[in-house]
Amino acid sequence: MDSDIANPVHGKIQAEIDANDVVLFMKGTPVFPQCGFSAMVVQILNHLEIPFKGIDVLADSSLREGIKEFTNWPTIPQLYVKGEFVGGCDIVREMYESNELKDHVTTKGGAPAS
Amino acid sequence: MAMDAQEIESLIRAALPDARITIEDLRGDGDHYAAHVVSEAFRGKSRVEQHQMVYGALQGRMGGVLHALALQTAPPDDV
């Protein structure tokens, strides 16, 4: 993508979502979330026992802005499953409440069937 | 900086003239709202695409002056 050349952060983001089945770009860490919306997604993923990699965008301001550009999505957190952007807190919660999230991750090959 | 519910609604309506829009001020601070938007324009679109349409209507305010907007979107008969 041309934008990778323009914004090197995009390459870093792409590498993370390629290397990890489930990636959550968040404020803070899974153990110490720094925002209620990020904490809610962490809680949902933990409750569903979906292993994921948490990436703290507060640790890197270029990542914090670059991720919004990468997905054309203005807020954090952002959840990716098998390289595909799933959504932010609203969509993850909506998918959880309608029992879609676990199936989505499992059918995408993101978590062991349990 | 903050926004009022009326401004949010009129921005969304400008982009989605047919929409039924419900805005709730969650904390009274002009920064935390919930919005439920129903529009034919969402039909056949994924949730991400539907939400991106609303964020587009807000013209860059989402995540800026508007810190939090709990968003729910749907086409008319999915409500």
Side-chain angles (χ1 to χ4, degrees), chain A residues 3 13 17 22-28 33-41 43-44 57-58 61-105 107-108, chain B residues 1-3 5 7-8 11-12 14-16 19 21-39 41-79:
Chain A
S3 61
I13 295 165
I17 62 177
V22 183
V23 183
L24 179 63
F25 292 88
M26 62 179 291
K27 291 179 181 175
Q34 298 297 307
C35 130
F37 300 113
S38 291
M40 181 177 288
V41 175
Q43 217 177 350
I44 289 171
V57 301
L58 298 178
S61 58
S62 64
L63 176 59
R64 179 175 183 172
E65 292 315 313
I67 189 76
K68 296 173 186 177
E69 211 182 275
F70 185 80
T71 38
N72 181 30
W73 190 264
T75 55
I76 304 292
Q78 295 189 19
L79 182 68
Y80 289 76
V81 172
K82 295 296 271 184
E84 188 186 306
F85 176 57
V86 174
C89 183
D90 294 334
I91 289 175
V92 170
R93 192 183 56 222
E94 212 172 299
M95 290 178 75
Y96 167 68
E97 285 164 358
S98 57
N99 295 312
E100 288 176 54
L101 189 56
K102 183 91 180 191
D103 292 346
H104 180 81
V105 173
T107 48
K108 289 276 182 182
Chain B
M1 286 284 288
M3 287 184 76
E7 189 182 358
I8 297 170
L11 283 168
I12 296 172
L16 300 166
I21 304 164
T22 314
I23 310 272
E24 187 191 345
D25 188 340
L26 297 175
R27 295 194 196 162
D29 59 4
D31 239 356
H32 296 76
Y33 288 95
H36 188 243
V37 185
V38 174
S39 166
F42 295 146
R43 190 169 306 286
K45 300 261 190 332
S46 70
R47 284 189 180 98
V48 167
E49 289 164 337
Q50 293 177 31
H51 286 215
Q52 283 174 324
M53 290 166 73
V54 176
Y55 292 150
L58 294 173
Q59 298 167 22
R61 291 171 175 80
M62 190 62 233
V65 290
L66 182 53
H67 174 66
L69 179 69
L71 190 54
Q72 272 194 300
T73 56
D77 44 29
D78 287 19
V79 181

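Letters A, B, ... are given to chains in the order of the sequence lines, protein chains preceding strands, and every chain is numbered from 1.
- With chain A as the partner, the residue from B/Q50, B/M62, B/R47 showing the most heavy-atom pairs under 4.5 Å is B/R47.
- Ring pair A/W73/B/H51 is parallel by interplanar angle, where below 30° counts as parallel and above 60° as perpendicular.
- Atom NE2 of B/H67 sits about 6.0 Å away from atom SG of A/C35, to the nearest 0.5 Å.
- Atoms CG and OH, from A/N72 and B/Y55 in turn, are 11.0 Å apart once rounded to the nearest 0.5 Å.
- We find the CD-CG distance between B/Q72 and A/D90 to be 8.0 Å, quoted to the nearest 0.5 Å.
- With a 6.0 Å radius and a threshold of 12 heavy atoms from other residues, nucleotides or ligands, A/Q34 has its CD atom above the threshold.
- Here the straight-line distance linking atom OG1 of B/T73 with atom CD1 of A/I91 works out to 7.0 Å at 0.5 Å rounding.
- Contact tally against chain B (heavy-atom pairs below 4.5 Å) for A/R93, A/E100, A/M95: the top residue is A/E100.
- With a 4.5 angstrom heavy-atom cutoff, B/L69 touches chain A only via backbone atoms.
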